[in-house]
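What you are looking at is a predicted structure, and each value in this text was computed from that prediction instead of being measured.
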Amino acid sequence: MMAQSGLEIHRTQSAVIDAMQSLIDSAAESLTIAVPKSALPAFVPQLNAAIERDVLVLLLVHGDATAPTPAYNDIATAVRTIESGITPLLATADMQRGLTGHSRLLTDSIGEHQATAFDNENLAHDEFTMFLGSHWLMGTECYVADVCAFPRTFSAFQFAVLMAALALRAGTPITARAHVLSTTDRTETTISGPVINARQSLVYPASSKNPAERSLTIDTDSGPVTVGGAGATKEAYECLEITLDRSDDD
């Protein structure tokens, strides 16, 4: 292993597995993972613990379709599969840190490949965007968790969007109460009302062609407003925290 300015280079299979397991263990809000299906058993205990911590887990598996299939409901929030084995090894935790490299590191113990682990928000954001914008879109949805129990408060906005999309897909009316920042003057406020739309491409059916778009439309007393995640610019508000609940009319 070589380390420099927040980067660690791993060149052995055991080191990469250890780094991936530590990365998964570190997640408090969200995980994106792309791994060969045959290598997935090495991470099942850590992914199961992440689900138990209520972490959003987006899992992309690829390669050998004949490899044993674990119980996805125990290790992921949503799973997509790709038959091709060309997907690289990709992982991010909380959009703050991550790991990337050649996926054969996990399937070929004697190959000359390497992976880079990093603790850098900008790199993690770029990798998260690449994961959703390229590899996730190519996958086939094979598992999605049930709609969560409401009420539930989310600090990870993308998790709230996913659950709102699932609720709307199931025909379950929901409301939101969100602590937000105005994207025009940066003032903080709280908004509430029925959720009338979820723009996303995390789960089927996708309601946005832009993989970076994740937003909710909330019908407040002053009319419908849009809410986006951290760094939102196109929406009226940036979400800091949001609570979703079933509508009283349901």
Side-chain angles (χ1 to χ4, degrees), residues 6 26-32 54-56 58 77-78 92-98 118-134 136-137 147-148 150-169 172-203 205-250:
S26 76
E29 295 185 346
S30 66
L31 280 166
T32 59
D54 290 328
V55 173
L56 168 67
L58 302 179
T77 312
T92 65
D94 300 331
M95 286 195 285
Q96 297 290 323
R97 53 204 168 273
F118 51 86
D119 188 354
N120 181 287
E121 184 176 355
N122 289 332
L123 288 176
H125 182 270
D126 289 346
E127 187 168 325
F128 178 85
T129 300
M130 180 174 66
F131 175 91
L132 289 180
S134 178
W136 189 254
L137 290 182
V147 179
C148 66
F150 295 123
R152 181 164 173 178
T153 298
F154 301 87
S155 54
F157 184 69
Q158 63 267 26
F159 206 165
V161 172
L162 185 148
M163 284 300 164
L166 292 179
L168 295 175
R169 184 173 78 175
T172 302
I174 55 173
T175 62
R177 181 176 179 84
H179 181 206
V180 295
L181 281 174
S182 167
T183 56
T184 55
D185 60 17
R186 309 306 289 171
T187 57
E188 292 190 27
T189 188
T190 298
I191 60 174
S192 61
V195 177
I196 59 176
N197 193 25
R199 299 275 296 172
Q200 56 81 40
S201 57
L202 298 173
V203 295
S207 51
S208 174
K209 294 182 179 180
N210 179 0
E213 182 180 16
R214 288 172 292 280
S215 69
L216 297 176
T217 303
I218 299 173
D219 192 10
T220 70
D221 290 340
S222 301
V225 297
T226 54
V227 181
T233 56
K234 294 182 179 180
E235 294 79 18
Y237 295 101
E238 173 184 333
C239 186
L240 302 175
E241 185 178 82
I242 187 169
T243 298
L244 300 180
D245 200 357
R246 288 179 177 270
S247 171
D248 292 336
D249 298 331
D250 185 27

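Listed by chain and number, the residues in a side chain to side chain donor-acceptor pair (under 3.5 Å) with T32 are T92 (sequence neighbours excluded). With sequence neighbours left out, R177 forms a salt bridge (Lys or Arg N to Asp or Glu O under 4.0 Å) with no residue at all. For the side chain to side chain donor-acceptor pair (under 3.5 Å) test, no residue two or more places apart in sequence or in another chain qualifies with S222.
Atom CG of residue D126 and atom CG of residue N120 lie 8.5 Å apart, to the nearest 0.5 angstrom. To the nearest 0.5 Å, atom OG1 of residue T77 and atom CG of residue L166 are 9.5 Å apart. Atom CG of residue L137 and atom CG of residue L132 lie 7.5 Å apart, to the nearest 0.5 angstrom.
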Enumerate, atom names and distances included, each donor-acceptor pair closer than 3.5 Å involving a side-chain atom of residues 187-200, sequence neighbours excluded.
residue	atom	partner	partner atom	Å
T187	OG1	D185	OD1	2.8
E188	OE1	H179	NE2	2.7
R199	NE	E213	OE2	3.3
R199	NH1	S207	O	2.6
R199	NH2	E213	OE1	3.3
Q200	OE1	L202	N	2.6
Q200	OE1	V203	N	2.9
Q200	NE2	V203	O	3.2
Q200	NE2	P205	O	3.4

Donor-acceptor pairs under 3.5 angstrom involving side-chain atoms of residues 152-164: please list them, not counting sequence neighbours.
residue	atom	partner	partner atom	Å
T153	OG1	T243	OG1	2.7
S155	OG	E29	OE2	2.7
Q158	NE2	S30	OG	3.3

Would you be so kind as to tabulate the donor-acceptor pairs closer than 3.5 Å made by side chains of residues 223-240, with sequence neighbours excluded?
residue	atom	partner	partner atom	Å
T226	OG1	A236	N	3.0
E238	OE1	R186	NH1	3.3
E238	OE1	R186	NH2	3.1

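V55 and A27 make their closest contact through CG2-O, 3.6 Å (heavy atoms, listed as atom of the first residue, atom of the second, distance). The minimum heavy-atom distance linking A176 with I218 is given by the pair CB-CD1, 3.8 Å. Contact detail for F131 and L58: the closest heavy-atom pair is CZ-O, 3.7 Å. Closest approach of S208 and S201 over heavy atoms only: O-CB, 3.8 Å.
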